[in-house]
Amino acid sequence: MGDPETGSHVNGSKRQLVKSLNRQKKPLFQSWFQLLLLLCLVLFVLCYTLSSSYVPRWDFPEQFKRFLYQIHQVHLTTQPSTVPSTVPSTVAPTGIHYHQAYPHNYHFIMDNTEVCKTKNPFLVLMVPVAPNDVAARDAIRQTWANNSLVQGKVVLTLFMLGLSNRDNAEQLQEKLKQENLQHSDLIQSDFMDSYLNLTIKTMVIMDWLATHCTTAAYAMKIDSDMFLNIDNLVTMLQKPDIPKQNYLTGMLMWNRPVVRSKNSKWYVPEEMYPDPIYPTYTLGMGYVFSNDLPAEFVAISKLIKPFNIEDAYIGICMKKLGLAPTSPPDPSQFRAYNTGYNRCEYSKTITYILGSAQQLVQYWTDLKKPGPSC
Ligand SMILES: *[C@@H]1O[C@H](CO)[C@@H](O)[C@H](O)[C@H]1NC(C)=O
Ligand SMILES: *[C@@H]1O[C@H](CO)[C@@H](O)[C@H](O)[C@H]1NC(C)=O
């Protein structure tokens with residue numbers, strides 16, 4: 001609290017403490033100081049052992065998975081969302097507000113029809129983003145979307161948005177049109193853009209890829225709060241053993257229990273998805289797939305009841321298609337946790353979850369500085 005009286009009281013007692021310390025004889029002061037030093041040392045050692053045991057490693061699979069699950073939740077809460085946390089419990093049981101994920105129920109407002117024909121990309125990065133989040137889009141345009149040619153391969157980045165439900169929706173729509181005139185990188189569909197509609201957003205991405213960009217070899221769904229080492233991704237996709245069809249990879253989630261607690265943001269009622277465990281899926285922050293899959297996802301989604309967990313929904317589509325996600329060649333390259341910027345580490349990974357658009361620009365600028373990364 002910013003109460004000035006509290007402040008002066010604290011200052012007063014601090015002053016008294018200083019006075020009483022000054023009054024102490026010297027030997028006592030020294031032992032105080034030594035005690036403090038010892039305490040600091042103990043704290044430091046404690047923190048160090050704790051933090052190093054929390055750093056997930058492949059030799060601790062259970063702990064690793066638990067850690068990831070937590071991160072998954074942290075990640076989801078950082079989604080730009082205006083939905084209050086009570087919404088799932090009031091809305092979900094009736095199912096009324098969940099809409100068919102089948103994307104042909106929706107229509108494109110902006111579709112950049114020709115962009116794939118003119119650019120002929122090898123890889124398309126599809127970024128779901130809130131309509132008003134121009135800061136995230138600009139940061140991405142300056143960083144991993146800046147170069148359309150990566151190791152001689154054409155990479156195209158597009159942003160996927162729905163309709164804003166805010167009061168200033170009309171003004172915002174006008175701004176979006178201008179933004180698209182300038183950058184030609186917005187794809188917009190007429191569903192309402194909200195947290196609970198993320199599965200619709202993903203399926204509209206799949207629909208766009210299947211109808212407007214069939215010539216691309218690979219695509220990635222990547223969230224707008226991500227760091228992406230695009231060079232490493234293109235390198236990975238060019239490895240000879242990477243399948244060209246029926247391929248889905250990213251950070252794999254195994255045996256994830258369905259959240260049945262009604263107060264949770266990830267609550268899914270049994271009528272939407274009866275099994276207690278999700279099939280193996282790839283974490284929604286960023287998953288990569290061969291571009292034959294979008295048409296398959298769109299077709300199979302007609303048969304699968306939609307629910308709001310988009311990454312698990314894609315996992316269910318895969319299972320219904322008789323397919324399963326594949327581990328990436330180096331699983332440590334798809335990271336959900338972020339323990340702070342480290343140039344060497346960032347030069348080796350593919351994905352990282354970030355806290356802000358500024359972080360993306362900062363880290364990217366540092367990574368691209370000349371000089372060795374490690
Ligand atoms: C984008 O890439 C070009 C080189 O292709 C470079 O000259 C330019 O500085 C980059 N822009 C930003 C904002 O980093
Ligand atoms: C999802 O989108 C549909 C179609 O635009 C809309 O009617 C519905 O209200 C949206 N649901 C939520 C929870 O935002």
Side-chain angles (χ1 to χ4, degrees), residues 101-129 131 136-138 140-163 176-191 193 200-224 226 228 230-231 233-238 242-250 282 286-301 310 314 317 350-351:
Y102 184 58
H104 290 183
N105 293 338
Y106 308 101
H107 306 95
F108 291 111
I109 298 166
M110 293 187 239
D111 68 355
N112 278 296
T113 309
E114 296 294 321
V115 73
C116 268
K117 278 175 206 118
T118 51
K119 301 211 164 146
N120 198 19
F122 164 74
L123 168 67
V124 191
L125 306 170
M126 299 293 283
V127 189
V129 61
R137 291 192 289 274
D138 279 341
I140 290 168
R141 287 179 184 123
Q142 281 175 55
T143 56
W144 42 265
N146 181 33
N147 279 327
S148 55
L149 213 57
V150 181
Q151 295 164 31
K153 295 283 182 186
V154 178
V155 178
L156 177 64
T157 303
L158 298 168
F159 299 97
M160 179 74 226
L161 17 122
L163 286 175
L176 288 173
K177 270 188 205 156
Q178 296 304 320
E179 192 180 327
N180 189 49
L181 273 179
Q182 194 183 345
H183 301 284
S184 307
D185 60 2
L186 302 185
I187 310 293
Q188 189 182 31
S189 173
D190 67 353
F191 66 90
D193 202 302
I200 298 180
K201 210 170 197 174
T202 293
M203 291 315 296
V204 172
I205 284 177
M206 298 304 171
D207 186 31
W208 189 87
L209 287 168
T211 51
H212 292 72
C213 207
T214 48
T215 52
Y218 295 96
M220 179 181 202
K221 180 251 159 184
I222 174 157
D223 284 344
S224 60
M226 298 297 297
L228 173 67
I230 181 69
D231 282 282
L233 176 59
V234 172
T235 302
M236 183 195 95
L237 288 174
Q238 286 181 278
I242 297 291
K244 292 186 165 39
Q245 278 182 328
N246 294 337
Y247 182 61
L248 169 66
T249 195
T282 45
Y287 48 83
V288 184
F289 42 94
S290 53
N291 202 30
D292 58 317
L293 283 180
E296 307 282 337
F297 291 149
V298 169
I300 204 84
S301 75
E310 66 89 19
I314 290 294
C317 290
I350 291 176
T351 65

Stepwise, does the side-chain contact (heavy atoms from CB on, under 4.5 Å) test hold for L125 with I230?
CA-CA 10 Å; L125 306 170; I230 181 69; 3.9 Å; yes
Would you compute the distance between atom CE of M206 and atom NZ of K221 and round it to the nearest 0.5 angstrom?
8.5 Å
Working to the nearest 0.5 angstrom, can you tell me the gap between I350 CD1 and M236 CE?
5.0 Å
If the condition is salt bridge (Lys or Arg N to Asp or Glu O under 4.0 Å), which residues does D231 pass it with, not counting sequence neighbours?
K368
Donor-acceptor contact present, side-chain W144 to main-chain M226, <3.5 Å
yes
Go through the steps for M220 and L228 under the test side-chain contact (heavy atoms from CB on, under 4.5 Å), then give the verdict.
CA-CA 11 Å; M220 179 181 202; L228 173 67; 4.1 Å; yes
What is the minimum heavy-atom distance between V115 and S184, and which atoms define it?
CG2-O, 4.5 Å
Donor-acceptor contact below 3.5 Å, side chain N112 vs main chain L186
yes
Rounded to the nearest 0.5 angstrom, the CZ-CG distance for F122 and L156 is 13.5 Å
Rounded to the nearest 0.5 Å, the CG atom of D190 sits from the CD1 atom of I200 at a distance of 10.0 Å
Check side-chain hydrogen bond (donor to acceptor under 3.5 Å, both in side chains) between T235 and all other residues, then give those that pass, not counting sequence neighbours.
Q151
Worked check of side-chain contact (heavy atoms from CB on, under 4.5 Å) between V154 and L149:
CA-CA 5 Å; V154 178; L149 213 57; 3.8 Å; yes
Exam field: side chain D223 to backbone V127, donor-acceptor pair closer than 3.5 Å:
no
What one should report as the nearest heavy-atom pair of P131 and L176 is O-CD2, 3.5 Å
D138 meets the salt bridge (Lys or Arg N to Asp or Glu O under 4.0 Å) criterion, sequence neighbours left out, with R141
Using the side chain to side chain contact (heavy atoms under 4.5 Å, CB included) criterion, which residues pair with T113? Sequence neighbours excluded.
D111, H212
Closest approach of I222 to P128 (non-hydrogen atoms, all atoms of both residues):
O-CD, 3.3 Å
Any chance you could measure F159, atom CZ, to H183, atom NE2, to the nearest 0.5 Å?
8.5 Å
If every non-hydrogen atom of E179 is compared with every non-hydrogen atom of R137, which pair is closest and at what distance?
OE2-NE, 2.5 Å
Distance in Å, T249 OG1 paired with Y218 OH, rounded so as to fall on 0.5 Å steps:
11.0 Å
Under the rule for side chain to side chain contact (heavy atoms under 4.5 Å, CB included), what residues qualify as partners of Q178, not counting sequence neighbours?
E174, L181
Show the nearest heavy-atom pair for residues D193 and G162, with the distance to one decimal.
OD2-N, 2.8 Å
Output a table of donor-acceptor pairs, distance under 3.5 Å, between side-chain atoms of residues 286-298 and any protein atom two or more places apart or on a different chain; print 'none' if there are none.
{"residue": "Y287", "atom": "OH", "partner": "E310", "partner atom": "OE1", "Å": "2.8"}
{"residue": "S290", "atom": "OG", "partner": "N246", "partner atom": "N", "Å": "3.1"}
{"residue": "S290", "atom": "OG", "partner": "Y247", "partner atom": "N", "Å": "3.0"}
{"residue": "S290", "atom": "OG", "partner": "D292", "partner atom": "OD1", "Å": "2.5"}
{"residue": "N291", "atom": "ND2", "partner": "C213", "partner atom": "O", "Å": "2.8"}
{"residue": "N291", "atom": "ND2", "partner": "A216", "partner atom": "O", "Å": "3.3"}
{"residue": "D292", "atom": "OD1", "partner": "N246", "partner atom": "N", "Å": "3.4"}
{"residue": "D292", "atom": "OD2", "partner": "N246", "partner atom": "N", "Å": "3.0"}

For the residue pair K153 and L123, establish whether any side-chain heavy-atom pair is separated by less than 4.5 Å.
no
Considering all heavy atoms of both residues, which atom of T282 and which atom of G250 are nearest to each other, and what is their separation?
CG2-N, 3.7 Å
Kindly determine whether L248 and I314 satisfy side-chain contact (heavy atoms from CB on, under 4.5 Å), including the steps that lead there.
CA-CA 10 Å; L248 169 66; I314 290 294; 4.1 Å; yes
